[in-house]
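Contents: one structure, followed by commentary.
Throughout, protein chains are lettered first and strands after them, A, B, ... in sequence-line order, and every chain is numbered starting at 1. Values below: all heavy atoms of this structure, side chains included; hydrogens, waters and symmetry mates excluded. Just so it is clear, the structure is predicted and the values come from calculations on it, not from any experiment.
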Amino acid sequence: MTSIWNKRTKHCHGFIDKQIKDAITDFFDNEGNYADFDMSCANKIVDHLPHNLSCSSVNWSWFQYLFDSYYEKREKLIVCILISKLIKYDCYTGDYSEIVETFKWMNSGEIKPALFWLLSNSLLPFNLIVIQSDIRTSSNKNQKSISSFKTDSHNLFLSGLLRNFILSGNTSNFVAKEFYANFQASLNGKLITSPNDFNAGTFKHQYFFYKQNFSNSTVITLLKSFYLKLINDGYEILNWQDGIDRNMLQMNSFNSHYENGYLPIPLNPFDSIPESDRWLIIPNGAEKKSTKLNSFVYKPIDFSLVKDSQLKISLKHWFWNSNRSLSSRIDAANIIIKFINFIYDLRYKFNLRQVTSSEFPLDYITVEEIYSYVSFVKERKLYNAYIGVVRRYLIYLQENNLYEVDPAVYKYLVIRGYTHINTAKDIPDEDLIKIEANMKVKSTENDLQALYYILFHIAIATEFRIAQIINLKIDCLVKGAKKDYYLESHSKVSNGEKLKIPITPYTKRYIETAIKFTQEVREKCNDDSIKEHIFIHNYFSQQFKVVTVRTFSDYLKKICREEGITPYSAQNLRDTYMTKSIEYAIKNNMSLIETKILTSHKQVDTTSNHYVADKIKDYLEATHMVIIGNLNIKGTIAAESDFTDGDLVNEECGYCKHESCIKNDILDCLMCSGFIATIDRIPYFEDKISKINNHIELAKLPHEKEQFIAIKRLYLAYLAKLLELKEQVV
DNA sequence: GTTTACAATAGATGCGCGAC
DNA sequence: GTCGCGCATCTATTGTAAAC
């Protein structure tokens, strides 16, 4: 041992440059860290280094030279350890020094194979992306997590893009190293020097490259996320004209649509009918006439399913020129496709024409065919649209001279047995309370569930349809002439016009709360058609979505099942008549939602109680349109008190600690030092404030109005403090 | 003006896929 | 494995205009 020590000391002292000397000292000190650290080999390597080695010559090509100077893997690995020490002691002065700097984050076990991989493949530093990210641990300590990604990128720019991409997403959860390792290959070697070098063509190449070479579907997911990230960063690299765009890319069904050759097609009757058969229809304004559609959700229709080519053309014609709303037009088209194929099979598969020895040519819809079809529909007990839609389609064909139809067919295409049963079912109070309580608990678990909770409240407090609520826009609140508010939204009856619906102040508050709640997500989103909505979330990385009716219904059902009650639907919420008791309970909970929501993003700024206080104040000021400012509160604000109901004063807003009233008549209790307000008084404050609002409205003289506003300001100041205190206590 | 008959749209849900 | 979501296809509700 002694001889080795001496030898090592001699080597270390031989170097003139201080940093290099330190690095080499550490190199030998780390002996124990590597099972395969061969001291004689290490000595040999260091022996070959010139003593006057200076940092200015420590660059990547020198590393490569050093690495290539040895032939055995064992030796090369030890060279890598030496290199890692030189990096650690800041000896590196070559190109890409910022990247090399990141290599320091790796521990000794990771860096050795990483350097070996780089140098044995004659790669450059940017081929290794090292990421340092914060991870939240249960103990809430800020820990750094280090991960490294190998990439075959040909240049620094592309590596930088990939690095940013990794940093931006929660990609650590679904690591697919193949994605980065083959990125350049997937581009067929194309050099990337700007984000704008990516386009529909590169995407296609990459998509099918990854699809062919890797069974792991996460690779495709990452590819989609990568393009979405570029788009989210403002690069308009994909346009529908090229067969793919952002909205398509975000759809759950993207893969199958893309692989099956669906093309995005804006719905516009003034354009000529598209030649292709598989359309992904861009609503292009049609969404304004329906609550079932959104501008960013494209609807598929597959005309290639139509077996008869002439009828296919006529169906496209009908589809393109129909006035039906898009979603029901697609429904109808799917029925017509079934109809056409039924007729086709009759003609060619079952040879009906021969059986009936009909003399009509094959481009003529006959009574026999329709009779068979109607029998089929009745036998299968298919719903009425199977008859009505077909009739209207045939009329259209005739009117536009697209196909010959025997006029006698219509007397068979009739519907019988309309039953109109009203199944409206309201939810009893006890069940409603159970649902409310369950949703309240879950609303704290994640953002989506908090949105469902607000949706639930609006649904029972208003007459709106669920789709209408979900698709509300942030600018939907419109102030009326007085203090009243209107909600502007599209409705199926308005035929594209916006409707104004009067709402209560409570509904207004819910909507404002929801807008504030989603503001954080909205600021991150740069997709205008999404961010204009109120109920948005960011569940998937790089994807911003509007809540759907589908998930809300499912969630409501799930809650009902958990509570062991009838699985109510969103429609039932609308049918539910709010009794006074439930209304009271719900209004009380409202302030709870508001404060909870306003403060639910506390983790952003946990330490600052100021933050919470300011937010509450901002909110109250915005809602009540009164500036609270720094009003001095004379009374006491407390979480709870020992006073009894007998001590309640001022319409139960608080307690009085004096034996008898000491204030004069002009003063309000709130201006007295003997006044004590506690958290459980919050609802009374809210009641009182709404009463003052009435006074303000009724006041005729300006100075009366001002006086009431001053009083309101006082109550709001108390309310703000109480809400703040409540937040600390809870 | 009300009823009736149906058209058109909204809502519900089984199924399957993608994201994580 | 769970959750979110889209599609297809069904049911429910609402709109509307002719018939009474």
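For C/dA12, the OP1/OP2 oxygens have no side-chain nitrogen or oxygen of A/R574 closer than 4.0 Å. Phosphate proximity of B/dA10 to A/T291: present, with a side-chain N or O under 4.0 Å from OP1 or OP2. Taking side-chain N and O atoms only, A/R392 has a distance below 4.0 Å to OP1 or OP2 of B/dA7. In this model, the phosphate group of C/dC10 is approached by a side-chain N or O of A/Y383 to a distance below 4.0 Å at OP1 or OP2. At the phosphate of B/dG18, neither OP1 nor OP2 sits under 4.0 Å from any side-chain N or O atom of A/S217. Within the 4.0 Å cut-off from OP1 or OP2 of B/dA7, at least one side-chain nitrogen or oxygen of A/R391 is found. Checking the phosphate oxygens (OP1, OP2) of B/dA8, a side-chain nitrogen or oxygen of A/R324 falls inside 4.0 Å. At least one side-chain nitrogen or oxygen of A/K299 sits closer than 4.0 Å to the OP1 or OP2 atom of C/dC7. Between C/dG4 and A/T551, no contact under 4.0 Å exists linking OP1 or OP2 to a side-chain N or O.
Side chain of A/N334, nearest nucleotide from C/dG4, B/dA10, C/dA8: C/dA8. Distance from the side chain of A/K338 is smallest to C/dT9 among B/dA12, B/dT13, C/dT9. Closest contact between the side chain of A/S253 and the listed nucleotides C/dC10, C/dC7, C/dT9 involves C/dC7. In this structure, the nucleotide among B/dA7, C/dC5, B/dA10 sitting nearest to the side chain of A/T548 is C/dC5. The A/Q571 side chain lies nearest to B/dA12 when the options are C/dG4, B/dA12, C/dC10. When distances are taken from the side chain of A/H257 to each of C/dC7, C/dC10, B/dG11, the shortest belongs to C/dC7. The A/M251 side chain lies nearest to C/dG6 when the options are B/dG11, C/dG6, B/dA12. Of all nucleotides listed (B/dA8, B/dA12, B/dG16), B/dG16 comes nearest to the side chain of A/N252. Among B/dC20, C/dG4, B/dA12, the nucleotide with an atom closest to any side-chain atom of A/T221 is B/dC20.
Remark: A/R324 does not engage A/D331 in a salt bridge, criterion side-chain N to carboxylate O under 4.0 Å. In this structure, A/K442 pairs ionically with A/E562, as a charged nitrogen and a carboxylate oxygen lie closer than 4.0 Å. A/K229 and A/D233 are joined by a salt bridge, as a carboxylate oxygen and a charged side-chain nitrogen come within less than 4.0 angstrom of each other.
Residue A/F254 contributes atom CZ, which lies 17 Å from atom C1' of C/dC7 at whole-angstrom precision. Atom pair A/K289:NZ and B/dA8:P shows a separation of 14 Å (rounding to whole Å applied). Note: NZ (A/K558) to P (B/dT13) measures 16 Å, nearest angstrom. To the nearest angstrom, P of C/dT11 lies 13 Å from CG of A/D331. Going from atom CG of A/D302 over to atom P of C/dC7 covers 13 Å, rounded to whole Å.
Between A/Y412 and A/Y373, a ring centre-to-centre spacing not shorter than 6.0 Å is recorded.
No contact: A/A385 has no heavy atom under 4.0 Å from any strand. If you check every strand for non-hydrogen atoms under 4.0 Å, A/F540 touches sugar and phosphate atoms only. A/K224 comes within 4.0 angstrom of the backbone, heavy atoms only, and of no base. No contact: A/R329 has no heavy atom under 4.0 Å from any strand. Using a 4.0 Å heavy-atom cutoff across all strands shown, A/S328 reaches at least one base atom of the nucleic acid. Using a 4.0 Å heavy-atom criterion, one finds that A/L448 contacts the sugar-phosphate atoms exclusively. Using a 4.0 Å heavy-atom criterion, one finds that A/I466 contacts the sugar-phosphate atoms exclusively. Residue contacts shown for A/Y386 are limited to sugar-phosphate atoms, with no base heavy atom under 4.0 Å away.
For C/dG4, the base has no donor-acceptor partner in the side chain of A/K545 [N/O atoms by modelled type, under 3.5 angstrom].
With a 6.0 Å cutoff to the six-membered ring centre and a 45° limit on the axis angle, A/K177 counts as a cation-pi contact of A/F149. Judged by a 6.0 Å distance limit and a 45° cone about the ring axis, A/R391 is not positioned over the six-membered ring of A/Y410.
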### Query
Run the side-chain hydrogen bond (donor to acceptor under 3.5 Å, both in side chains) check on A/E259 and A/Y207 step by step: do they pass?
CA-CA 10 Å; A/E259 289 167 26; A/Y207 184 93; 2.4 Å; yes
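Map A/H537 and A/I301 each onto its nearest nucleotide of DNA chain C; the residue landing nearer the 5' end is A/H537. Comparing A/A570 and A/G388 against DNA chain B, the residue whose closest nucleotide sits nearer the 5' end is A/G388.
Contacts between residues 258-268 of chain A and DNA chain C, defined by a heavy-atom separation below 4.0 Å, involve no residue at all.
One side chain, A/T551 or A/T548, offers a donor N or O that lies under 3.5 Å from an acceptor on the other. Donor-acceptor pairing under 3.5 Å is recorded for the side chains of A/Y227 and A/T202.
The line from CG of A/L402 to OH of A/Y396 is 6.0 Å long, rounded to the nearest 0.5 Å.
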